[in-house]
Amino acid sequence: MDVVVSEILQKSESEALKYKSIEVKKHLELEYDLGTLLAVDNNDFESKFLRPDKREDYFLNLARDNTQLLINQLWELPTERVEEAVMVKLPPAKTLLPRMKPVPKPKSLTKWQQFAKDKGIQKKKKAKLSWDQQLQKWIPLYGFKRAQAEKEKNWVLEVPQNADPNEDQFAKKVTARSENVAKNELQRLRNIAKSKNVKVPRVGVTNPDNASSKELQTAVTVAKASTASLGKFQDKLPKEKEARGVADITPGASRKRKLPPVAGHIEKKENLEILDSILNKRPKMNIEQAVAKQIQSTKMDLSDNNHHERSKGGGSKSKNKMGKKPKGGKGQRSGGKNSAGRKRR
Amino acid sequence: MGRKAKFNDGVLVKKGPGKKAKKQKDPIFPKSLNVSDDADKKLSSRQKKRFKRREEKKAELLEKRKQNQKTKKEGKSDYKKGKGPLAPPNQYFSESESGDDDEIDEDETDAESMHEEASGSVEEINVKGFSDDNQAWLRPKSRKGFRPPSSDEEQGGEEKSDEDMEEEQDSEDHDFTVEKLNDLSDNEDDEFDTDTADEEEDDTNTEDADDDLLPIEKQNIKLKKKQARIQKESDAEMQSIISEQATFQFPSKDSEEVVSLQDVQQRIREVIFVLSDFNKHRDSNHSRSDYIELIRNDLCTYYSYNEFLMEKFMQLFPLSELLEFLEASEVQRPLTIRTNTLKTRRRDLAQALINRGVNLDPIGKWSKVGLVVYSAVVPMGATPEYLAGHYIIQGASSFLPVMALAPQENEKVLDMSAAPGGKASHIAAIMKNTGVLFANDLNKDRIKAVVGNFHRLGVMNSVITCMDGRKFPSLMKVFFDRVLLDAPCTGTGVVAKDQSVKTSKDEIDIQRCYNLQRQLLLAAIDSVHAKSSTGGYIVYSTCSVLPEENEWVIDFALKKRNVKLVDTGLGFGTAGFTKYRHLRFHPTMNLTRRFYPHEHNLDGFFVAKLKKFSNVIPTSDDSEVVEDFNFNEDILNEEEEVNEKQNKKSKQNQQGNDKKGKNSNKEKSHKNQVGSKEKGKKGKNLNGNETNKTDDIEKPTTSKNKKNKSKKTDITTNKVNWDEVPKKVGVKLNKKVKKDSKKKTFGELKQKKEKFNVNRTDRKFKKNRN
Amino acid sequence: MRRLSEERTKVLFEKLAKYIGPNIKQLIERPDGVYCFREQKDRVYYVSENLLKLAATVPTENIVSLGTCFGKFTKSGKFKLNITALNYLGAYAQCKIWLKPSAEQQFLYGNNISKAGLGRISENCEKYQGVVVYSMSDLPLGFGVAARSTAECKMADPISPVCFHQADIGEYIRCEEDLL
């Protein structure tokens, strides 16, 4: 028996020698987050083992030791046995893992939600069914049964006081309802647009206060086409321009409208008028031009003066220098310049 | 979910060449691997050509030599009796062997060949092959390889050696001999030269020998020798001429020879010589037509025309003139420019251009605005003067129609086919920008040139339109004072400008042209106002020389409209034909003017001026119904083609119904074609119109087909009166009868009509002449 | 062919006024007949009334050009003068530039004129005014816009442009295809 025990002991001993012990000594305790099976070793590396030849083994051992410690920790947790397997329930993780995508922004509130929040209005839960006194039955909040019930209930409608007796109250009700539906839809869209920061055109007739010049141009062009009669169009305003790209909505007003033929002299007159208006335009103040003119005029004056002075000094000498034929007093050279210009003979 | 539909049930249909083929191109092998065929292909393209030519020459040479030998045998058999075959007289042999012998051989053979030519005194002169001094060591060559030194100067031996040499040369030295053969005449000269040199040598030798003669004796000897020499030379020349004449052999038809251009040229000359005095020089075995065919073919090859056009030209010109014309057609006319009188004067322009380094001269007395440019340092089409519109580059011939038109100021003038606007702007310049000038052209691309030129030249009174000229009378009937119609034509007068004319034109093209021209001319006439105070003139011009496009068109118009020919007002040019082959034109046709490149140094051109004397469009009572071209011009052309084919077909049937079996397939295909063309137009076919058209068209085709027939029959066949043909047949003709039997009846009918109409047509002709 | 609308006439005249100023009157009031402006396919033609009447018989789509083409309206409604208008611009030009012979070729290839090429310039030429360009022998070569006024030109250095190219007669061969 002893022999057996000793054998077994020996065997276990030899096996124990083969494995390392589960006890590991550390200078500092590890930090554990068992929820994510994480252990953080804050001890320093031992520098003598960091040489290239020993490094491998050292790291391997270190990793094994730390793993051992983690496993040890696990074994301290309460264990269960489920179908011959030992099971540990991990505590919730303490470490926060970073997420791949940014955190979604909170949805912007709809107009009503915003309003309700501001006013502190709470949403009341409505019952799905309600007891109708008149029909003596439960009626759902919405759905076809509700519609049927409505019909049943409102088979006759009262004409309100001061109302037009010929008015169809039923039709009125229907339109009111459809209007309401449309309104709701519109509001929904508007809310979406608002949340996505999309510009939405105003509804209905454009407000002349906010119209751009282009819109106005279009409006005028269209209006002109619609008021035209037998090819006669309204007179144009002084700076009026015809809108472009309106050919499809105003079939009458093409930009290439052929003018009615007129007699030559009338056309001439018209052209002359236009020409006059162009030529007699009040010129804009062109500073550059004015300066240039001023400079030129002063220069001219200067050169004139110089010329006079020179001519006063000694005319004959300078003439000889120029090497020109004496003209015998016949041709007088006009102007200040000596070089350019045509000879007149 | 669900299964995938298998629409093609597992059968894979391959589309296209597959991915791999799409991706991969043919592999490109490295150059080093590409050697396989290069061993043969090392010759460059030019080398190849040369090699080919050499081969051809070689073959031809052999041929020629054979022939020559044959003729020699025949001609001089008595002379050569008992001796070996003579080498051809004109051949000239030179170094065949390497080494010292070369020169000697040459001398010898020179002398010999020459002497043989002057065959009268062969033996006597033969010895003179060597000068006296040289006789001691010079020996005529007798054997090919090894020449034993012997003083034997037997004729036979020499000749033999010649022959040997010939053979040898054939094998070794084709090039040289061929070249020598090619220019025979030069060769002869050379021979004479060497000969005289020899003689001179002789002279000196004799002088040396007879030192002790009196000077007068010496002179006498000299003189005698000189006389003898002159006599001999003249004899030789005479002989050579005779031999040349005699040597022209009609090439045998079997020999499919490829001849060099020089040979062709030579032969052309020879044939022309023969034809100049046919009875004297002819080869009795061959008729004139054989000769003419030969020369036509030769001209075609030499000037690279197609046969049809060459035949036309041969009909048009006498042979001597024809050569001149063809030669002149090869050369471009000198560059001429026209001064734009709207912007400058000729003197000023000439001065400005001379300053730019242009060498020019006035074009001649007949034009005050033209200048000829001989040479220019600057491109004439890009000088500032050109761009400023002071002149336009324009052929001298283009001045003529405008000068003939002689537009006046404040007139309404139409140029029907104006592009590129040279003539039209000339008109505007003459009118000094007054009045109205309508410049029309059908071609949209070419009309742009008109716009550019007009604006550049400062023409402001113009309306440039782009439409069919034939539509003008429908728009502006009886409106214009003058109309210039420079009709589109085959361009046979301006071959130098566009060489493609030589080969591209055929019967159909010409026919198309003159039909269009006729319609245009009628349209032009219709749009002129006859009672215009200043005008009422139409000028018709083409750059073609063919009478079909010129006189014939005018003649047609004279018949159809109230117009008469008037003098063009051009001081020069040859008169138009009043008759051409079987055609007889109006006698006033001599008022029209023709211009030829060889005669006037202008492009080939034709100008006719017509005066309209009545606005009424005549309608004649008999067969020649006036057709209104304005109605269905569009279909006319195609109809004409169709009809022509029909006519041909009918003629075929007429001539031999037996052939029908053979040709039936062909005809069917023909018909199908025709039918497709005709589609959609059936409704429009006016019977009278149609038939009339066929009448007009028939002339040229028949004239071609029945060249050999007498004139009278020709005319009668032409003038078939289609009005007489029952309409039924006519209609079926239009609708492309498919059964042969119908055609047969058609042919028969036609035959009958021919007989019937002989008298009528004769009468008509008389009328026309009057 | 149709009449120019009022605003188009205005645009045209404004453009012409840059080059020939009050001389436009001479174009409209001519002693030798009534002349007028007509447009077709946005091209403006200057043509005598007489010619116009005669041309009326021809369908408009067949008329390629008539009288003198002055230029065309661009899609944006501006007017662009063509070289073809030079015949008239040259005759009535107010502001002129004469080119040295050496600079002619440059200009005819469509380049601007630098001071070095400037032979002469008429007085009181304003900046950005339309100028007609002549060769020294008074051949009108084209037109452009003055890059400097006359006074400034005198001061300018040789390579600086004095005139921006707009059209030149070289276009007759450079772009004959799309001249109009």
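Numbered from 1 within each chain, the chains take letters A, B, ... in sequence-line order. What you are looking at is a predicted structure, and each value in this text was computed from that prediction instead of being measured.
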Look at the rings of C:Tyr46 and C:Phe37 and say which category their plane angle falls in: under 30° parallel, 30 to 60° tilted, over 60° perpendicular.
tilted

Turns out that what part of B:Met460 lies under 4.5 Å from chain C's heavy atoms comes down to both

Answer with side chain, backbone, both or neither: which region of C:Thr57 has an atom nearer than 4.5 Å to a non-hydrogen atom of chain B?
both

Run the side-chain hydrogen bond (donor to acceptor under 3.5 Å, both in side chains) test against B:Lys531 and tell me which residues pass, sequence neighbours left out.
none

Run the numbers on B:Asp486 and B:Lys423 for salt bridge (Lys or Arg N to Asp or Glu O under 4.0 Å), then give the verdict.
CA-CA 9 Å; B:Asp486 183 34; B:Lys423 295 185 191 73; 2.7 Å; yes

Max heavy-atom pair count under 4.5 Å with chain B, selected residue of C:Gly33, C:Gly90, C:Gly67:
C:Gly67

Let me confirm one number: the CZ-NE2 distance from C:Phe70 to B:His455, rounded to the nearest 0.5 Å.
9.5 Å

I'd like to check B:Val413 versus B:Met431 (side-chain heavy atoms, cut-off strictly below 4.5 Å). Are they in contact?
yes

Ion pair check, C:Glu176 and B:Lys448, cut-off under 4.0 Å:
no

Most heavy-atom pairs under 4.5 angstrom with chain B, which of C:Val47, C:Asn50, C:Leu54?
C:Leu54

Atom group of B:Lys444 that falls short of 4.5 Å from chain C, counting heavy atoms:
neither

Does the separation of the ring centres of B:Phe479 and B:His529 fall below 6.0 angstrom?
no

Using a 4.5 Å cut-off on heavy atoms from C-beta on, say whether the side chain of C:Ile113 contacts that of C:His165.
no

For B:Ile447, is it the side chain, the backbone, both, or neither that has a heavy atom closer than 4.5 Å to a heavy atom of chain C?
side chain

B:Phe454 versus chain C, heavy atoms under 4.5 Å apart: side chain, backbone, both or neither?
neither

Between B:Val459 and chain C, which part of the residue has a heavy atom less than 4.5 Å away: side chain, backbone, both or neither?
backbone

Only pairs of heavy atoms separated by less than 4.5 Å count here; which of C:Asn87, C:Leu141, C:Asp178 has the most with chain B?
C:Asn87

Chain B heavy atoms under 4.5 Å from C:Phe107: which part of the residue, side chain, backbone, both or neither?
neither

Check side-chain hydrogen bond (donor to acceptor under 3.5 Å, both in side chains) between B:Arg456 and all other residues, then give those that pass, not counting sequence neighbours.
B:Tyr386, B:Asn453

With chain C as the partner, which of B:Ala352, B:Pro384, B:Gly452, B:Cys466 has the greatest number of non-hydrogen pairs under 4.5 Å?
B:Cys466

Most contacts with chain B, counted as non-hydrogen pairs under 4.5 angstrom, among C:Asp168, C:Ile63, C:Ile83:
C:Ile63

Checking side-chain polar atoms at under 3.5 Å, does B:Arg338 have a donor or acceptor matched by the opposite partner on B:Ser425?
yes

Region of C:Leu139 in contact with chain B, defined by heavy-atom distances below 4.5 Å:
side chain

Please classify the contact of C:Glu177 with chain B as side chain, backbone, both or neither, using a heavy-atom distance under 4.5 Å.
both

Would the number of heavy atoms belonging to other residues, nucleotides or ligands and lying under 6.0 Å from CD of C:Gln129 be above 12?
yes

Whatever's closer than 4.5 Å to a heavy atom in chain B on C:Leu108 counts as side chain

With a 4.5 angstrom heavy-atom cut-off, is it the side chain or the backbone of C:Ser135 that approaches chain B, or both, or neither?
neither

Check whether B:Ala449 gets within reach of chain C through its side chain, its backbone, both or neither, counting any heavy atom under 4.5 Å.
both

